[in-house]
Every structure is written in C-alpha cells, then in structure tokens.
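Report on one structure; see the data block that follows.
Just so you know, these numbers use all the heavy atoms, side chains as well, and skip hydrogens, waters and symmetry mates. Computed from a predicted model, the values in this text were never measured in an experiment.
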Amino acid sequence: MLAILRIIAMFVSFLIINAILFVVCLLRPMHRNNVHICGKFYSSMSRILGLKIVVKGMENVPDEPCVFIANHQNSYDLMTICKAVAPGTVSVGKKSLVLIPVFGWLYWLSGNVLIDRKNASRAADTLSSTIAKIKKRGISVWFFPEGTRSYGRGLLPFKTGAFRIANAVDMPIVRVCASNLIDKIKLNRWDNGTLIIHVSEPMKMDDSKGIKEWSVLFREKMLEDFEQVNSEVAQLPKAR
C-alpha cells in the first residue's frame, strides 16, 4: 500500500513541479540559475521516497566558473544528486532531448547546453561550439563523465569530454559524489535512510598529463570519494 501511495504522490508531485518550473523558465528563459532552481525542486521529491539527503562541501564551490563531474547511478539521480547543483550551473545534453514533450522543452528553456552527439564527424565543431557558449555566458558546467547510468556496475570509465572542456576554458574541476543509491530505496519501506553527497575542493588540470590521463586520475579520486561517503553512511543509524 505504501508503495502505491508513493508512486501516486511522486507522479502528482512531478506534474506540479514541472508545471511550476515551466512557468519560471518561460518568464526567464536561459537564466543562469534556472538549472539550480530545477535541482532544488526535483530533489524535494526525495522526501516522498523517505530519503534524507545531506550535501557536504558546498563551501568548496569556487566563485569562478568550473566544471562539475558527478557519479551517475540510476534514474533516482534526478531527485538526489541534483540537490548539489550550484547557482550559475548548466548541464550538457543531447539535442534529441528537446523532442521529449514538456521535460525536453523544460531542459532547453532552463538554459542547458544542447549538442549533437550522433554526428561523430562533427565532434570537434561540437566541442568548439560548447566552449564558445560557456565562455559567452560565464557559466559552470555539470557532467556525468561516465556517460550513462552505472546501475550497480561500479564507477564506469570516464569519457574525456568534461576534461577537454575544462582544459580549453581553463576551468577548475569539482567532483560531486553521492553515496551508494543502488538498492537503497524500497518503496514499501517508510524510512530509506540517508544519502550523503560530497562536493570536493576544486582542482585544476595542467600540462603534466594528457587529457586521458587526467580522466583516469579524476576517476580514481572519485572512487576514493565514493568509499568515503559510503563509510559515512554506514556509520549512521540504519533505516527501518
């Protein structure tokens, strides 16, 4: 019964939240803080799931634009790790998202950067265009460098796009790591415990390594972050 009530509550909340955000984004399309506001609204749905979210380290976010890299676990990320999206931050997504009714339109109106991922032959042009947009708007960019949800397969290898952009724009990189979310949420369980999200101190790339080497290094650091936040969660009282 609890699971059914939760599903209904989530569905209704999702419709109401999207309606509110659609109006906000229509009134101020492409505003630099739209994505931050969307993250706050979507993450409020975690309460319906009986999940408490604790974000640590937001004081580490620099005043200058930066590249955020975050672990991508499953579809619940929309209601969890998005709580850590800082003001002045957008994400980079596929152009095809615009074709999704309401959500896709909202994704575009909120100011996220859309790119054509299907055309591999135009990868260099796409990268240059993305960099130009970031420079012009003076915004931070959020990436899931795994490129897809891990679904319990651990932290997948990182793609290099985020690091190429950080290097080209000379932006520091900030890691955002959420504790384990796989099998964390049981819809029939009243209390699903706590999810901890840690925001690291910014770290700049230099010429000491190649882009691929930097991506491997940042993945190793993210693995350490993941172990740390999971250890912190393990020390908390168990959900019942």
Discussion item. Between Ile100 and Leu109, is there shared hydrophobic-cluster membership here, with clusters defined by ILVMFWY side-chain heavy atoms closer than 4.5 Å?
Written reply: yes
Response to the item:
Residues passing the side chain to side chain contact (heavy atoms under 4.5 Å, CB included) test with Asn230, sequence neighbours excluded, are Ser179, Asn180, Phe226
Discussion item. Nearest 0.5 angstrom please: Leu106 CG to Asn112 CG, how far?
Written reply: 8.5 Å
Worksheet item: Near Trp214 CH2, under 6.0 Å, is it more than 12 heavy atoms from other residues, nucleotides or ligands?
Response: yes
Worksheet item: Are any side-chain N or O atoms of Ser231 and backbone N or O atoms of Glu227, one a donor and one an acceptor, separated by less than 3.5 Å?
Response: no
Please list every donor-acceptor pair under 3.5 Å in which a side-chain atom of residues 20-36 meets a protein atom from a residue at least two apart or in another chain.
residue	atom	partner	partner atom	Å
Arg28	NE	Asn34	OD1	2.9
Arg28	NH2	Asn34	OD1	3.4
His31	ND1	Asn33	N	3.0
Arg32	NH1	Arg137	O	3.3
Arg32	NH1	Gly138	O	3.3
Arg32	NH2	Gly138	O	3.4
Asn33	OD1	Gly88	N	2.8
Asn34	ND2	Arg28	O	3.0
His36	ND1	Val85	O	2.8

Worksheet item: Tyr107 and Ser91: side-chain donor and acceptor closer than 3.5 Å?
Response: yes
Worksheet item: Distance from Asn71 atom CG to His198 atom NE2, nearest 0.5 Å?
Response: 12.5 Å
Worksheet entry | Other cluster members, Phe11 - Ile/Leu/Val/Met/Phe/Trp/Tyr, side-chain contacts below 4.5 Å | Leu15
Worksheet item: How far apart are the closest heavy atoms of Asn74 and Arg149, and which atoms are they?
Response: C-CD, 3.6 Å
Worksheet entry | Min side-chain heavy-atom separation Met203-Lys221 under 4.5 Å | yes
Discussion item. Any non-hydrogen side-chain atom of Val67 less than 4.5 Å from a side-chain atom of Pro172?
Written reply: no
Item to complete: Can you establish whether the number of heavy atoms outside Glu64 located under 6.0 Å from its atom CD is more than 12?
Response: yes
Fill in: Nearest non-hydrogen partners of Pro65 and Ser140, listed with the distance
CA-OG, 3.4 Å
Worksheet entry | Residues in side chain to side chain contact (heavy atoms under 4.5 Å, CB included) contact with Ala70, at least two apart in sequence or another chain | Ile81, Trp142, Phe144, Val176
Worksheet item: Can you tell me if Arg164 and Asn167 form a side-chain donor-acceptor pair at under 3.5 Å?
Response: no
Fill in: Glu232: partners by side chain to side chain contact (heavy atoms under 4.5 Å, CB included), with sequence neighbours left out
Lys56, Ile196, Gln228
Fill in: Common cluster, Trp105/Val113, ILVMFWY with side-chain heavy-atom separation under 4.5 Å
yes
Discussion item. Is there a side-chain contact between Asn60 and Val174 in this structure, where contact means two heavy atoms from C-beta onward sitting under 4.5 Å apart?
Written reply: no
Item to complete: Considering non-hydrogen atoms only, spot the tightest contact between Ile53 and Lys83 and give its length.
Response: O-NZ, 3.6 Å
Discussion item. Could you report the tightest heavy-atom contact between Ala178 and Ile197, atom names first, then the distance?
Written reply: CB-CG1, 4.0 Å
Fill in: Connected hydrophobic set around Val216, excluding itself, where side chains approach under 4.5 Å
none
Practice prompt. For Lys184, enumerate each residue passing the side chain to side chain contact (heavy atoms under 4.5 Å, CB included) test, keeping only those at least two apart in sequence or located in another chain.
Written response: Leu51, Leu181, Val233
Fill in: Euclidean distance, Ile69 CD1 relative to Met222 CE, rounded to 0.5 Å
4.5 Å
Worksheet entry | Distance-minimising heavy-atom pair for Val141 and Phe143 | CG1-CE1, 3.4 Å
Practice prompt. Look only at the side chain of Arg175 and the backbone of Asp225, and say whether a donor-acceptor pair between them is shorter than 3.5 Å.
Written response: no
Worksheet item: Should the heavy atoms of other residues, nucleotides or ligands under 6.0 Å from NZ of Lys209 be counted, would the total exceed 12?
Response: yes
Discussion item. Side-chain heavy atoms nearer than 4.5 Å, only ILVMFWY residues, links allowed to pass through others: does that put Leu5 and Ile185 together?
Written reply: no
Worksheet item: So do Phe14 and Leu78 actually touch side chain to side chain, heavy atoms under 4.5 Å?
Response: yes
Worksheet item: About how many Å separate CD of Gln73 and CZ of Arg153, when rounded to the nearest 0.5 Å?
Response: 12.0 Å
Worksheet item: Is there a side-chain contact between Leu49 and Met10 (heavy atoms, below 4.5 Å)?
Response: yes
Worksheet item: Taking C-beta and beyond as the side chain, do Leu114 and Lys94 meet within less than 4.5 Å on heavy atoms?
Response: no
Discussion item. If you compare all heavy atoms of Gly111 against all heavy atoms of Val90, which two are closest, and at what distance to 0.1 Å?
Written reply: O-CG1, 3.4 Å
Worksheet item: Any ring pair (Phe, Tyr, Trp, His ring centres under 6.0 Å) pairs touching residues 157-189, not counting sequence neighbours?
Response: Phe163-Phe218
Worksheet item: In Å and rounded to the nearest 0.5 Å, what is the CD1 to CD1 distance from Ile7 to Ile48?
Response: 12.0 Å
Worksheet item: Side-chain contact, heavy-atom cut-off 4.5 Å: Thr89 with Ile139?
Response: no
Worksheet item: Do Tyr151 and Leu223 belong to the same hydrophobic cluster, where Ile, Leu, Val, Met, Phe, Trp and Tyr are linked whenever their side-chain heavy atoms lie under 4.5 Å apart, directly or via other members?
Response: no
Discussion item. Taking salt bridge (Lys or Arg N to Asp or Glu O under 4.0 Å) as the definition, give me every residue that meets it alongside Asp170, ordered by chain and number, with sequence neighbours left out.
Written reply: Lys204
Discussion item. List the residues meeting salt bridge (Lys or Arg N to Asp or Glu O under 4.0 Å) with Asp77, not counting sequence neighbours, and say none if there are none.
Written reply: none
Fill in: From CA spacing to verdict: side-chain contact (heavy atoms from CB on, under 4.5 Å), Ile37, Lys40
CA-CA 5 Å; Ile37 291 174; Lys40 294 299 183 187; 5.7 Å; no
Discussion item. Can you list, by chain and residue number, the hydrophobic cluster partners of Leu156 when the side-chain cut-off is 4.5 Å?
Written reply: none
Item to complete: State plainly whether one hydrophobic cluster holds both Met58 and Phe68, where clusters connect Ile, Leu, Val, Met, Phe, Trp and Tyr through side-chain heavy atoms under 4.5 angstrom apart.
Response: yes
Worksheet entry | Inter-residue atom distance Ile17.CD1 - Met79.CE, 0.5 Å rounding | 9.5 Å
Worksheet item: When you look at CG of Asp206, are more than 12 heavy atoms from neighbouring residues, nucleotides or ligands closer to it than 6.0 Å?
Response: yes
Worksheet item: What residue pairs, at least two apart or across chains, pass ring pair (Phe, Tyr, Trp, His ring centres under 6.0 Å) with a residue in residues 84-104?
Response: none
Discussion item. For a 4.5 angstrom cut-off between non-hydrogen side-chain atoms, does Lys159 reach Glu146?
Written reply: no
